**Q** 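Handing you a structure now.
Note that the coordinates shown come from a computational prediction; the quantities given were computed from them, not determined experimentally.
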Amino acid sequence: MLREAKIGDRDAILSLYLSLHEDQIPKEDEHLKRTWKQIINDENHHLIICEIDGQIVSSCVCVIIPNLTRNVRPYAFIENVVTHKDHRNKGYATECLKCAKELAQKENCYKMMLLTSSKDPATLHFYEAVGFNCNDKTAFVQWL
């Protein structure tokens, strides 16, 4: 089942992120609570989850960003695409990304962008297979 995250999903999502690149769940403090509330209440921030038998097994974030160019059309930024290691290669991330695309189209976005730190050819092929390409733009990252 695909759906957007709800307030009670926080801990399950944080656990899922251990299959992404995190090595521990953040400590329970006011900053974490405030950040989670901000994400859940932001109408442009969509945390899409795939739930199987009551367990969140895959997720991605789709943020719709207002824009003054391209005929004042927004764009979508995709981040934190993850599937639990025990549930990979079953199409769950593909479904999350399809949902993100539908959201972006509904919001009249002119493009979707995705960054990955993965160099794994299988991961890069996956993103190409779901419609992304690495030829149209060049991404630069400055870590802060």
Side-chain angles (χ1 to χ4, degrees), residues 1-23 25-26 30-144:
M1 175 175 84
L2 286 177
R3 63 177 174 84
E4 288 206 42
K6 300 179 291 195
I7 193 81
D9 293 325
R10 186 196 72 189
D11 292 345
I13 291 166
L14 290 173
S15 291
L16 177 63
Y17 284 169
L18 294 174
S19 292
L20 184 59
H21 51 65
E22 297 299 308
D23 58 4
I25 293 174
E30 288 307 311
H31 178 65
L32 175 63
K33 291 176 187 176
R34 196 170 45 253
T35 301
W36 178 244
K37 187 175 180 181
Q38 182 180 3
I39 289 169
I40 288 297
N41 291 328
D42 183 345
E43 66 183 21
N44 288 320
H45 195 129
H46 304 273
L47 207 164
I48 300 160
I49 61 171
C50 178
E51 187 176 53
I52 303 297
D53 297 326
Q55 179 186 5
I56 297 173
V57 298
S58 189
S59 179
C60 75
V61 171
C62 176
V63 179
I64 307 298
I65 302 170
N67 182 40
L68 293 174
T69 65
R70 302 289 181 161
N71 204 27
V72 195
R73 291 177 64 195
Y75 57 94
F77 186 76
I78 308 299
E79 186 62 91
N80 297 336
V81 179
V82 60
T83 300
H84 188 279
K85 59 185 169 126
D86 296 338
H87 296 274
R88 292 186 178 151
N89 300 311
K90 297 179 182 174
Y92 301 140
T94 299
E95 291 303 312
C96 287
L97 290 170
K98 283 182 184 176
C99 182
K101 183 177 180 179
E102 290 169 5
L103 275 167
Q105 289 171 323
K106 180 180 159 225
E107 294 297 326
N108 196 33
C109 291
Y110 78 95
K111 70 177 177 184
M112 291 191 342
M113 294 187 301
L114 177 146
L115 295 175
T116 182
S117 59
S118 177
K119 305 296 184 219
D120 180 356
T123 301
L124 302 179
H125 176 72
F126 164 71
Y127 288 130
E128 290 173 343
V130 295
F132 291 91
N133 77 73
C134 61
N135 301 317
D136 293 346
K137 295 273 185 175
T138 301
F140 291 88
V141 175
Q142 184 178 57
W143 297 102
L144 306 175

**Q** Is any side-chain heavy atom of Asn67 closer than 4.5 Å to one of Tyr110?
**A** yes
**Q** Could you tell me which residues satisfy side-chain hydrogen bond (donor to acceptor under 3.5 Å, both in side chains) with Ser117, sequence neighbours excluded, listed by chain and number?
**A** none
**Q** At their closest point, which heavy atom of Ser118 faces which heavy atom of Leu124, and how far apart are they?
**A** O-CD2, 3.5 Å
**Q** In a table with atom names and distances, give each donor-acceptor pair under 3.5 Å that connects a side chain of residues 128-136 to protein atoms at least two apart or in another chain.
**A**
from	atom 1	to	atom 2	distance (Å)
Asn133	OD1	Asn135	N	2.8
Asn133	OD1	Asp136	N	3.0
Asn133	ND2	Asp136	OD2	3.0

**Q** Can you list everything that forms a side-chain hydrogen bond (donor to acceptor under 3.5 Å, both in side chains) with Asn80? Sequence neighbours excluded, please.
**A** none
**Q** Any side-chain heavy atom of His31 within less than 4.5 Å of one from Pro26?
**A** no
**Q** For Leu14 and Trp36, run side-chain contact (heavy atoms from CB on, under 4.5 Å): C-alpha distance rounded to whole Å, both residues' side-chain angles, the deciding distance at 0.1 Å, then the answer.
**A** CA-CA 10 Å; Leu14 290 173; Trp36 178 244; over 6 Å; no
**Q** List the steps and the verdict of side-chain contact (heavy atoms from CB on, under 4.5 Å) for Leu97 and Met112.
**A** CA-CA 10 Å; Leu97 290 170; Met112 291 191 342; 5.8 Å; no
**Q** Under the side chain to side chain contact (heavy atoms under 4.5 Å, CB included) test against Ile78, which residue among Leu115, Thr116, Leu114 passes?
**A** Leu114
**Q** Can you check whether Arg73's main-chain N or O pairs, donor with acceptor, with Asn71's side chain at less than 3.5 Å?
**A** no
**Q** To the nearest 0.5 Å, what is the distance between CG (Asn44) and CD1 (Ile39)?
**A** 13.5 Å
**Q** For the atom pair CG (Leu2) and CD (Glu102), what is the distance rounded to the nearest 0.5 Å?
**A** 8.5 Å
**Q** A quick test of your reading: do over 12 heavy atoms of other residues, nucleotides or ligands sit less than 6.0 Å from CG of Leu68?
**A** no
**Q** Return a table of donor-acceptor pairs under 3.5 angstrom between the side chains of residues 52-64 and protein atoms on other chains or two or more places apart.
**A**
from	atom 1	to	atom 2	distance (Å)
Ser58	OG	Val82	O	3.0
Ser58	OG	Thr83	OG1	2.8
Ser58	OG	Ala93	N	3.4
Ser59	OG	Ile48	O	2.9

**Q** Just verifying a value: how many Å separate Arg10 CZ and Ile40 CD1, rounded to the nearest 0.5 Å?
**A** 10.5 Å
**Q** Quick one: list whatever passes salt bridge (Lys or Arg N to Asp or Glu O under 4.0 Å) with Lys37, sequence neighbours left out.
**A** none
**Q** At their closest point, which heavy atom of Pro74 faces which heavy atom of Glu107, and how far apart are they?
**A** CG-O, 3.3 Å
**Q** In Å, rounded to the nearest 0.5 Å, how long is the span from SG of Cys96 to CZ of Arg3?
**A** 11.0 Å
**Q** Quick one: are Tyr75 and Thr69 in side-chain contact, heavy atoms under 4.5 Å?
**A** no
**Q** Do Ile25 and Tyr17 have side chains that get closer than 4.5 Å, going by heavy atoms?
**A** no
**Q** Who pairs with Glu30 by salt bridge (Lys or Arg N to Asp or Glu O under 4.0 Å), at least two apart in sequence or on another chain?
**A** Lys33
**Q** So how far is it from His45 NE2 to Phe77 CZ, rounded to the nearest 0.5 Å?
**A** 10.5 Å
**Q** How long is the span from the NZ atom in Lys111 to the CD1 atom in Ile65, to the nearest 0.5 Å?
**A** 9.0 Å
**Q** So which atom in Lys85 and which in Ser19 form the shortest heavy-atom distance, rounded to 0.1 Å?
**A** N-OG, 3.5 Å
**Q** Given 3.5 Å as the limit, does a donor-acceptor pair link the side chain of His46 with the main chain of Glu43, or not?
**A** yes
